[in-house]
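Heavy atoms only: backbone and side chains are in, while hydrogens, waters and symmetry mates are out.
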Amino acid sequence: MELLEEKYNHSAERLDKPSQYLIKRAVRRQNFDNLQKSLHSKTVYVGNLSHFTTEEQIHELFSKCGSIDRIIMGLDRNKLTPCGFCFVVYKLEEGSLNAMKFLQKTILDGQSLSIDLDPGFREGRQFGRGIYGGQASQEASSENGQRGGFRGRGGFRSRGRGFRGGR
């Protein structure tokens, strides 16, 4: 596949290409169809959204890259509340490429956005794939204690030592 073999000496890296995640996934599965589709797709996946970010905020930011057909907010499949991602579908392919080039790592509601080309939205993908209905990556990090604060029944976790309370 030419995308994997492109080598440009003395040139800046392209900003409108699929992420390493999509490329590794295609290589691992030996299925390059989704990768090829994502290069000509009108859809972008937007990750690392705050749970409080509204559809209006996303529309305001992403409409600067092209005319938007629709926005699909990612939902916790159990609670039906926003869970940190969305899909933005543009009317033209050039909108999705512009979003990749110009909005990657933009700060929105205190979060650095992660934007990736997407092979196209299918019904059902708007729901989180985690065990508890949210995003799998967020659930995994909170189970490992990386989110800080409280940990299960043990109480408050402070500087690597579990505080159990009492004397």
I need the minimum non-hydrogen distance between Tyr90 and Ala99, along with the two atoms involved.
OH-CB, 3.6 Å

Sidechain-backbone polar pair: Asn48 side chain, Ser112 backbone, donor-acceptor under 3.5 Å
yes

Measuring from atom CG of Leu61 to atom CG of Leu103, what distance do you get when rounded to the nearest 0.5 angstrom?
5.0 Å

Could you state the interatomic distance from OG (Ser114) to CD (Gln104), rounded to the nearest 0.5 Å?
5.5 Å

Which residues pass the salt bridge (charged side-chain N to carboxylate O under 4.0 Å, His left out) test with Asp118, not counting sequence neighbours?
Arg125

Sorted by chain and residue number, the salt bridge (charged side-chain N to carboxylate O under 4.0 Å, His left out) partners of Lys64 (sequence neighbours excluded) come out as Glu60

How long is the span from the NZ atom in Lys42 to the CG atom in Leu97, to the nearest 0.5 Å?
12.0 Å

Salt bridge (charged side-chain N to carboxylate O under 4.0 Å, His left out) filter on Glu94, not counting sequence neighbours, yields none

To the nearest 0.5 Å, what is the distance between CD1 on Ile71 and OG on Ser63?
8.0 Å

Residues in side-chain hydrogen bond (donor to acceptor under 3.5 Å, both in side chains) contact with Asn98, at least two apart in sequence or another chain
none

Check: Ile58 and Leu49 side chains under 4.5 Å, non-hydrogen atoms
yes

According to the salt bridge (Lys or Arg N to Asp or Glu O under 4.0 Å) rule, which pairs have a member within residues 29-38, sequence neighbours left out?
none

side-chain contact (heavy atoms from CB on, under 4.5 Å) for Lys105 and Leu113? Distances and angles first, verdict last.
CA-CA 5 Å; Lys105 297 196 189 316; Leu113 300 183; over 6 Å; no

Within the 4.5 Å heavy-atom criterion, are Glu93 and Ser41 side-chain neighbours or not?
no

Dump the intermediate steps for side-chain contact (heavy atoms from CB on, under 4.5 Å) on Val27 and Phe32, then the final yes or no.
CA-CA 7 Å; Val27 169; Phe32 296 98; 4.0 Å; yes

Any side-chain donor-acceptor pair under 3.5 Å between Asp116 and Ser19?
yes

If we ignore hydrogens and angles and just use 3.5 Å, is the side chain of Gln57 paired with the main-chain N or O of Thr54 as donor and acceptor?
yes

With a 4.5 Å cut-off on side-chain heavy atoms, are Ile68 and Lys91 touching?
no

Hey, mind stepping through Gln20 and Ile23 against side-chain contact (heavy atoms from CB on, under 4.5 Å) and telling me if it holds?
CA-CA 5 Å; Gln20 284 301 107; Ile23 293 170; 3.7 Å; yes

Quick one: ring-ring contact (aromatic ring centres under 6.0 Å, His included) pairs with a partner in residues 92-125, sequence neighbours left out?
Phe87-Phe121

Sequence neighbours excluded, which residues qualify as side-chain hydrogen bond (donor to acceptor under 3.5 Å, both in side chains) partners of Glu123?
Gln126

With sequence neighbours excluded, tell me which residues meet salt bridge (charged side-chain N to carboxylate O under 4.0 Å, His left out) with Arg70.
none

How many angstroms lie between CE in Met73 and SG in Cys86, if you round to the nearest 0.5 Å?
5.5 Å

In chain order, what residues pass the side-chain contact (heavy atoms from CB on, under 4.5 Å) check against Ser38, with sequence neighbours excluded?
Pro18, Leu22, Leu35, Leu117, Pro119

Measuring only between side-chain heavy atoms, which start at C-beta, is Ile115 closer than 4.5 Å to Phe62?
yes

Full working for side-chain contact (heavy atoms from CB on, under 4.5 Å) between Leu80 and Phe127:
CA-CA 8 Å; Leu80 298 180; Phe127 299 110; 3.8 Å; yes

For Ser50, which residues count as a side-chain contact (heavy atoms from CB on, under 4.5 Å) partner, sequence neighbours excluded?
Phe52, Thr53, Asp109, Gln111

